Amino acid sequence: MIFNSFSFLYFFPAVFILYWFFTQKYRKAQNILLLVASYYFYACWNYKFLFLLIFSTLLDYYTGLQMEKSGSIGKKRFWFWLSVLINLGFLGVFKYYNFFVSSFIDFLALFGIQGHAATLNVILPVGISFYTFHGLSYVIDIFYNRIKAEKDFVDYSVFVSFFPLLVAGPIERATHLLPQIKQDRTFDPYKAADGLRQILWGLFMKVVVADNCAMVVNEVFNHPNQYNAGSLWIGALFFAFQIYGDFAGYSNIALGTARLLGFELLKNFSFPYFSRDIAEFWRRWHISLSSWFRDYLYIPLGGSKGGLYSQLRNVLIIFLVSGLWHGANWTFIIWGGINALCFIPLVVFKLNRANTDTVAQNTFLPSVKETLQIAITFGITVIAWVFFRAINVTEAIRYLTKMFDFSRGFKPEVSLSSFGFIAVLLVVEWLHRHKNHGFELSYISQRWVRWLLYLFVFLMLLIFGVSSDTFIYFQF
Amino acid sequence: MKKFLIRLSLFSCIALLATSLVLMKYGGYIDYFYLKFTTPKQHSFILGDSRSFQGIQPRIVDAELKDKGFELPMFNYSFTITQAAYGPAYTESVKRKMDPDTKNGLFIINVNPWVLAQREKDDFENGIFMEADHPPHNMRWVNMNPNFEYVVKNFNYLHIRALFKQNSELHPDGWMEERNLPKDSTTFVGWKQNQYKIYNGFAQRWKKCDYRVKALKEMIQFLEQHGTVVLVRMPVDEKLQEIETNFWPEFDTTIEKLAKTTNVSYFNLLKNNKYKTYDGNHIDKFGGVAFTKDLCQLILMQKNSPNIPHSALPKK
């Protein structure tokens, strides 16, 4: 089941009604309902992998309790590593086994050694990277005594498998979500209305922007030889908006859905394409993952403490691991590497926190300098996204080479109609860049104006929406 | 909560109203089939795939066969090759769409090997039909306006932005008018080649089968209770004829036998296509007028001289 499907349109209102009208007085019942709904939501994709999710939940729940009970640091460490290794083991088998095996064979081939190993025909369980990271953050926090182990299995299970964030995040923290699960929820009509606005905007980003761009992107990336440089630039540019619309759209729907149920999830995107440098971009793009790596990898590695060399090493590790998290392919690692290379000079010259405020803070339009900064940062991300989208490194390099081969002409040979949708997206988001999300219209006092805007977006969905049955980040 | 729900319901009603207006005003432009399920129950039908969907025009039938004893108007309940396959599902849908009081209807059934073939995902023994998830087979309500069942079940078919270009129009009588005809010979050749590719693909993946022929027989037997049934094999260009003949060489014999056992007429007009197609496969809207008129003449001749075997009728 995906958010932009009719099945979700039946599923969610049913959950909403049961949640607020039949179980409201009993938090325990509400949480059981959320758990059942979440498992049903997941099982709609593939019920067999539901057992993996339940196993992962049981593992972290049990090891968390054992860690807390442990009298000695040795025992605690044992349970901690058991959980970490099994979690990473699952991720390794389901997501990375074939990649590591084939990369090893390629490596041997460099020395003229013929390697033979069986690769597995593994189906990647949807959302495995997300729920594994939920569980990992939980056990790490217990290990470092930041939180107490959760004793209520239902509450803990809801934390891991809460359906709005189950398959594509945001990656939540026990410190943030568990307390919300453990307290009574009251219906806040203002938050709920804003949640609906966020869902509406998320749907626009997904089915209008992302899925329209996808049609051109798929065509151009699948047949780069048939197109000139201009078309390839359009393909790369549209992919930048496809992935943004797809993933930020999903996050908006997830956050809006959670708000309708009385939860505030971690913000995942904050208008990243208005960033003035790569450091700012990474503070605004997939925030829950960036902050996860910051807290659970970068800081334990030493973070910015120590010398410049160790800081740069840590930055490089973070970006490479972040790339690998996205998928078992060298393209993702190179994508991470490119971002690291653009980030490192900012660290060296201590400019990585130069832009922590919102662009054009007190003005309507950005200054010339800001405009140039935004354009350069966006240009870098567009080039880097080519590696993210290409099926392998050779194809990515071929695509990039052709992007700069102007001998075959530059006049685009593909449909440019998606520019209209991108323009709507950019204008609306620019107007709301100081807000919590791109369609936070609560500041408009006249209801009829707000409703006209809702209707406009609804009609855009109806007329220009493209139906697709997946989100890009499901594969991660 | 109460206020929130009232406002949400109000906005939902506005959104539903806007959707209904779009569907009612532009239904014929935004979907190939939507209007087939918004019109009232019918007495006379044209059944089959895209050849009859575009090539047999009900308004021409109405004009040619007016006052000839048939319960008109004619309704084109043909679909495209993905949906159109004779089987229990199509028969059930026709039953739903037909006015049960029909006594003298006219039923023109377009036959060719593709609508009677076993498709790669068909598993007749286990009741699995490849067309089952497509309209009209997945439709419970076939005469409701606006039809939200169609929107929900077949949202992928809707292409609402087409209302701006209006390249094709589904008329309320069920006929699909294709307006985006090839403007030059290169496009025409390209489209033709594409059709060859598609049908060669079918020939490789599909199999001739008895099951669907039997299902067609059952459909004919049902329709005969409500009027006159005629089978027609529509003309296509030579290369497509060749693909069809290689795929199912004894197809005509099979259909002739079926026509004889069910006592209905079979007009085999496959060869010597004199009607203009826009891709070698589909007679265009201009050729369709002539073809429909000629077909009506054949139907009339057969009606007036029921004892003359159809093979003795003048070839068109």
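Small disclaimer: the values here were computed from a predicted structure and weren't measured. Per chain, numbering begins at 1; letters A, B, ... match sequence-line order.
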Which value, rounded to the nearest 0.5 Å, describes the distance between [X] atom [atom1] and [Y] atom [atom2]?
{"X": "B/Tyr29", "Y": "B/Glu177", "atom1": "OH", "atom2": "CD", "value": "8.5 Å"}
{"X": "B/Gln54", "Y": "B/Ile283", "atom1": "CD", "atom2": "CD1", "value": "10.0 Å"}
{"X": "B/His282", "Y": "B/Leu240", "atom1": "NE2", "atom2": "CG", "value": "9.5 Å"}
{"X": "B/Thr39", "Y": "B/Phe75", "atom1": "OG1", "atom2": "CZ", "value": "3.5 Å"}

**OP:** Verify, without hydrogens or angle tests, whether B/Asp184 (side chain) and B/Thr187 (backbone) share a donor-acceptor contact under 3.5 angstrom.
**Re:** yes
Which atoms of [X] are under 4.5 Å from chain B, going by heavy atoms: the side chain, the backbone, both sets, or neither?
{"X": "A/Leu9", "value": "neither"}
{"X": "A/Tyr454", "value": "both"}
{"X": "A/Phe187", "value": "side chain"}
{"X": "A/Leu260", "value": "side chain"}

Original post:
With respect to chain B, which residue among A/Leu459, A/Val466, A/Leu196 yields the maximal number of heavy-atom pairs within a distance under 4.5 Å?
Top reply: A/Leu196
**OP:** Sort out for me which of A/Phe464, A/Trp451, A/Phe458 touches chain B most, counting heavy-atom pairs under 4.5 Å.
**Re:** A/Trp451
Subject >> Where B/Pro88 and B/Phe129 come nearest, the two heavy atoms and their spacing >> reply: CG-CZ, 3.7 Å
**OP:** Please step through salt bridge (charged side-chain N to carboxylate O under 4.0 Å, His left out) for the pair B/Glu131 and B/Arg212, ending with a clear verdict.
**Re:** CA-CA 12 Å; B/Glu131 70 273 18; B/Arg212 290 196 185 276; 2.9 Å; yes
Counting only non-hydrogen atoms closer than 4.5 Å, does [X] touch chain A with its backbone (N, CA, C, O), its side chain (CB onward), both, or neither?
{"X": "B/Leu8", "value": "side chain"}
{"X": "B/Leu10", "value": "both"}
{"X": "B/Leu5", "value": "side chain"}

